Colleague: 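Encoded as structure tokens, here's the structure I'll be asking about.
Model, not experiment: these values are computed from the prediction. Per chain, numbering begins at 1; letters A, B, ... match sequence-line order.
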Amino acid sequence: MSFINYASREINCKIVYYGPGLCGKTTNLQFVYQKTAPEAKGKMISLATETERTLFFDFLPLALGEIRGFKTRFHLYTVPGQVFYDASRKLILKGVDGVVFVADSQEERFDANIESLENLKVNLEEQGYELEKLPFVIQYNKCDLPNISDPEELRELLNPWGVPEFQACATTGEGVFETLKSVAKLILMELKKGAGGR
Amino acid sequence: MLGSHQSSFVMYDEEFKRISVVIEKLLRESNSKVIFLVDKNGQLIAGCGETEHLDTTSLASLTAGNIAATGGLAKLIGEKEFSILFHEGEKDNIHISIIGQRVILVVIFDQRSSLGLVRLRVKKASEELGVIFDDLSKKAEEIEQSGNAESPFAEITDDDIDNLFS
């Protein structure tokens, strides 16, 4: 749920990166953080375990610039991907404006992707959202690795809706900003629709 | 206004000023250092006091995460929510409370104040803030129903959006 503040002339939106454990959600945020000018970003917060697995969430605030005199800010969150952190994942989806599903292209994570996407749908429904109606994009991460699933097969199972999708390698940054731009754009278009624009 | 099915939470100038008056009064009367208001999704609504050296955006996000996590705990043991949280540090303490199940009020204070005083003043301020957020909610609803919402986003173009990323 976006927050439009007429007093400070700001608009804040929340983007959540979802996906199976170790698919590269945190790496996406880290790359965005590294490549963003200091004045456009806040501190990145990672609530992680000692082994650097996300425990609760990562958080990165970004200021993109102005639209019609309103400062546009995006708050990027990741969820913990490991299956047993489901209670935390539900909490982080509260008030979400747009979702990035980060799939792990490796063959052995094929089922984990499907399970995670199903979990996303269920958790969104619990909050009263429908994935189909939310700004939503898919990123096929780790596409540089040798043992990847057939992209067509992945697409068929993960993206039957034909939402925007991107091949990515989050460690080198390939596809990271394309993914972010795409979901941000969808969110702004949604705001426009909600405001009565066409 | 803050329901999960609404598309946006809107803050107007008038209510923002009323809120600022209440939290500034609370800051004085409770002898605290910093006060801020956050919505349950982690967006900073307003703040006052010694905020210049504080990363208020991170504080807002973590506060909301904290409330969400303790809310989850509450449900597990059959409580609706824990409406007050208190974190005690060596010098500074944080008092967190939920106003009208929607907004989070955070008070940071040190030895110049006390938990008792903060609790007392927060209780009174919460009532006043609750009224303002009710008004805000009604106003947003009325404006939405009248169809006169002057959203800055009704007129945005693809170019405006593309320019953000250039």
Colleague: Please determine, among B:Glu14, B:Glu15, B:Met11, B:Lys17, the option with the most heavy-atom pairs under 4.5 Å with chain A.
Modeller: B:Met11
Colleague: I'd like to know if A:Arg155 and A:Glu152 make a salt bridge, using a cut-off of under 4.0 Å between side-chain N and carboxylate O.
Modeller: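 Yes, this pair counts.
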Colleague: Identify which part of A:Glu190 has an atom lying under 4.5 Å from any heavy atom of chain B, answering side chain, backbone, both or neither.
Modeller: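 Neither part, no heavy atoms under 4.5 Å.
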Colleague: Pick one of side chain, backbone, both or neither for B:Asn163, based on which atoms fall under 4.5 Å of a heavy atom in chain A.
Modeller: neither
Colleague: Could you look at A:Ile92 and say if it's the side chain, the backbone, both or neither that has a heavy atom under 4.5 Å from chain B?
Modeller: neither
Colleague: For A:Ile45, which atoms come within 4.5 Å of any heavy atom of chain B: side chain, backbone, both, or neither?
Modeller: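 A:Ile45 touches chain B through side-chain heavy atoms alone.
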Colleague: Examine whether an atom of A:Phe177 lies under 4.5 Å from a heavy atom of chain B, and if so say whether it belongs to the side chain, the backbone or both; otherwise answer neither.
Modeller: neither
Colleague: Given side-chain hydrogen bond (donor to acceptor under 3.5 Å, both in side chains), test B:Asn66 with B:His87 step by step and report yes or no.
Modeller: CA-CA 11 Å; B:Asn66 194 348; B:His87 301 302; 2.9 Å; yes
Colleague: Can you tell me which portion of A:Leu60 sits under 4.5 Å from chain B's heavy atoms? Options are side chain, backbone, both or neither.
Modeller: neither
Colleague: Under a 3.5 Å distance rule, please check whether B:Ser8 uses its side chain to pair with a backbone N or O of B:Val10 as donor and acceptor.
Modeller: no
Colleague: Is it the backbone or the side chain of B:Leu76 that comes under 4.5 Å from a heavy atom of chain A, or both, or neither?
Modeller: neither
Colleague: Between A:Tyr6 and A:Phe70, does the ring centre distance come in under 6.0 Å?
Modeller: yes
Colleague: Sort out for me which of A:Leu180, A:Leu188, A:Thr72, A:Leu47 touches chain B most, counting heavy-atom pairs under 4.5 Å.
Modeller: A:Leu188
Colleague: Output yes when B:Glu128 and B:Lys124 qualify as a salt bridge under the 4.0 Å nitrogen-oxygen rule, no when they do not.
Modeller: yes
Colleague: Using side-chain hydrogen bond (donor to acceptor under 3.5 Å, both in side chains), reason through B:Asn41 and B:Gln43 one step at a time and then give a plain yes or no.
Modeller: CA-CA 6 Å; B:Asn41 303 323; B:Gln43 316 277 15; over 6 Å; no
Colleague: For residues A:Asn123 and A:Asp86, is any side-chain donor paired with an opposing acceptor at under 3.5 Å?
Modeller: yes
